[in-house]
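We use all heavy atoms of the structure for the numbers below, so side chains are in, but hydrogens, waters and symmetry mates are not. No experiment lies behind these values; they were computed from the predicted model shown.
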Amino acid sequence: MELKDLYGNSADRDVFSKRIEQLIAEFERVTGEKPESFFSSSGRAEICGNHTDHNHGKVIVSAISCDILAAVMKRDDGIISVHSAGFPSFSLNIDELEVCKEEYGKSVALTRGVVKAIKDRGYKVGGFTAVTESTIFRGAGVSSSAAFELLISEILNQLYLGGVLSKVDKAIISQFAEDVYFGKPCGLLDQSGISLGGMNEIDFENPASPQIESLNAPAGYTLVITNTGGSHAALTEHYAAIKSEMKEVAQFFGKSVLREVPYEQFFGSISELRKKVSERAILRAFHFYEENERVDKAAAALRTGNTKEFLSAISASGISSLNSLQNCFVPGSSEQPVVLAIHMSERLIKDGAVRIHGGGFAGTILAYLADVEVQNYVKEMSKVFGAENVFTASVRKLGATQLNIEELLR
């Protein structure tokens with residue numbers, strides 16, 4: 001393991017060393033003892049495949065070079081205690097695992113859900129104390145909740161299970177925690193991207209055993225994520241509507257998800273569909289089918305080194321999200337920072353692509369652009385959205401993992 005496996009081109013030994021020193025000092029302040037082990041779990045970038053995973057579709061997702069670091073000590077009293085910089089500390093008993101609606105949206109709910117999912121698989125786990133700090137951009141849609149879930153999953157996996165859980169196991173466990181305990185319906189994209197590490201094409205036709213193919217990111221290009229503003233807190237109903245409307249279309253054909261309905265059957269039934277579901281639902285179904293094709297095209301382009309075709313697929317994904325999926329602004333609102341940021345980007349970027357990033361409606365956009373354009377792009381976007389809201393990122397090779405600090409700092 002090397003630092004570049006965690007932080008890519010942005011790996012900096014001195015910066016990492018300082019983070020670890022501060023983390024150890026905080027752990028000693030909180031517990032009066034030294035940590036026994038260290039863990040890291042990253043953010044993720046959705047490259048292509050917007051809102052397809054929950055209907056068993058295809059995605060391209062990448063772990064990226066921002067992370068949660070955790071200093072950890074095992075304990076034998078069945079208590080998990082977590083202290084995170086900038087967040088309230090919490091503790092829970094691993095035998096008290098009922099869903100608590102008052103915990104929706106909180107880290108304690110994610111932890112409780114992870115423990116429940118692992119124990120339901122027949123494994124025995126125990127307690128630990130963790131002190132964490134994070135460089136995952138807050139509010140930037142790079143899935144800090146999934147990063148936290150995978151962190152807890154991997155800590156328990158290493159401390160108590162001997163590493164028996166696979167990367168896919170940990171992703172499924174983490175998704176359960178977010179869906180059932182955190183109260184946020186989601187597919188498997190976020191958790192899979194973080195758990196797997198690197199850049200991958202994932203086919204969720206069978207979510208319990210997704211098909212995964214590793215991809216190489218295009219050389220000479222950088223990810224830039226811009227947080228355009230707006231909270232995701234009041235948007236759950238809009239995210240849920242995308243999933244439910246796609247499933248309404250599937251249910252018209254007697255199926256549970258769109259992946260079970262052949263495109264030709266869907267297209268040939270539009271006149272009848274209009275009598276049963278909204279036209280928005282039909283457009284969102286179109287997006288699902290066409291987005292799956294774009295994922296395949298983008299992945300094939302990366303395999304053959306055709307960066308131009310890859311970027312073209314990313315741009316087409318963004319257009320479809322705007323016009324068919326309709327998740328680039330909140331319905332009925334005149335505030336449209338995401339659309340503004342996309343429109344600006346289309347005029348700034350000469351060699352690259354831009355699209356909505358993640359759930360949508362508010363929040364972030366993703367640009368994939370030539371390295372030579374990054375400095376000017378960041379400068380111009382920072383003028384409008386603030387320098388603190390424009391982030392560059394590298395692809396991270398490793399998923400959520402235990403760290404060998406001596407090896408990394410050697």
Side-chain angles (χ1 to χ4, degrees), residues 44-62 141 143 146 168 171-172 174-175 178-179 184-196 199-215 238-267 269 273 277 280-302 310 313-328 355-361 366:
R44 68 93 183 96
E46 176 195 283
I47 308 301
C48 193
N50 195 216
H51 280 285
T52 57
D53 54 336
H54 49 62
N55 267 258
H56 299 189
K58 301 178 181 182
V59 303
I60 296 176
V61 63
S62 172
S143 205
V168 172
I172 293 172
S174 297
Q175 181 208 24
E178 182 145 344
D179 190 6
K184 181 181 176 184
C186 64
L188 261 172
L189 182 148
D190 295 351
Q191 292 82 4
S192 297
I194 293 168
S195 189
L196 291 168
M199 183 182 288
N200 296 276
E201 180 183 18
I202 309 175
D203 185 342
F204 290 114
E205 185 170 17
N206 178 2
S209 182
Q211 298 300 304
I212 302 162
E213 291 194 38
S214 178
L215 300 169
H238 297 295
Y239 301 139
I242 292 177
K243 180 178 179 179
S244 64
E245 287 181 11
M246 286 185 181
K247 292 199 172 189
E248 284 175 10
V249 176
Q251 287 164 1
F252 174 86
F253 298 98
K255 304 296 183 181
S256 60
V257 292
L258 282 176
R259 188 61 181 273
E260 297 171 340
V261 182
Y263 172 76
E264 293 77 14
Q265 186 180 8
F266 157 74
F267 190 85
S269 304
L273 265 171
V277 304
R280 187 176 72 176
I282 295 171
L283 284 167
R284 285 173 165 172
F286 264 117
H287 169 84
F288 172 83
Y289 289 111
E290 294 164 358
E291 189 79 339
N292 285 336
E293 292 179 0
R294 280 186 286 270
V295 167
D296 283 339
K297 287 180 181 178
L302 286 178
F310 166 73
I314 303 308
S315 293
S317 171
I319 293 169
S320 181
S321 290
L322 177 63
N323 295 333
S324 296
L325 189 62
Q326 300 178 44
N327 69 329
C328 293
R355 62 185 288 275
I356 187 73
H357 183 251
F361 298 107
L366 172 76

Residues S317, R294; criterion side-chain hydrogen bond (donor to acceptor under 3.5 Å, both in side chains); working and verdict: CA-CA 7 Å; S317 171; R294 280 186 286 270; 4.8 Å; no
Nearest 0.5 Å, what's the [atom1]-[atom2] distance between [X] and [Y]?
X    : Y    : atom1 : atom2 : answer
H51  : H287 : NE2   : NE2   : 7.5 Å
F204 : S209 : CZ    : OG    : 11.5 Å
N292 : C48  : CG    : SG    : 9.5 Å
I47  : I60  : CD1   : CD1   : 8.0 Å
S324 : I319 : OG    : CD1   : 10.5 Å
R280 : E248 : CZ    : CD    : 9.5 Å

Exceeds 12 heavy-atom contacts within 6.0 angstrom, atom NZ of K247: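 Counting neighbours around NZ of K247, more than 12 heavy atoms of other residues, nucleotides or ligands fall under 6.0 Å, so yes.
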Other residues, nucleotides, ligands: >12 heavy atoms within 6.0 Å of K243 NZ: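 Result for NZ/K243: enclosed.
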Any [X] side-chain heavy atom under 4.5 Å of [Y] side chain:
X    : Y    : answer
I242 : M246 : yes
E46  : L366 : no
L273 : F253 : yes
I356 : N327 : yes

Matching residue for D203 among Q211, H56, R259 - test: side-chain hydrogen bond (donor to acceptor under 3.5 Å, both in side chains): R259
Of T52, D296, D53, the residue whose pairing with K58 passes side-chain hydrogen bond (donor to acceptor under 3.5 Å, both in side chains): D296
Of L188, I212, I202, the residue whose pairing with V168 passes side-chain contact (heavy atoms from CB on, under 4.5 Å): I212
Please check if the side chain of [X] supplies one atom and the backbone of [Y] the other of a donor-acceptor pair under 3.5 Å.
X    : Y    : result
S321 : G318 : no
R284 : L325 : yes
D190 : R44  : no
S195 : Q191 : no

Smallest separation among heavy atoms of A208 and P210, with atom names: C-CD, 3.7 Å
Mutual orientation of the aromatic rings belonging to F361 and Y239 [parallel < 30°, tilted 30-60°, perpendicular > 60°]: tilted
Geometric class of the F286/F267 ring pair [parallel <30°, tilted 30-60°, perpendicular >60°]: perpendicular
Partner set under side chain to side chain donor-acceptor pair (under 3.5 Å) for N200, not counting sequence neighbours: none
With E201 via side chain to side chain donor-acceptor pair (under 3.5 Å) - residues at least two apart: R303
Within the 6.0 Å centroid threshold, strictly below: F266 and F252: no
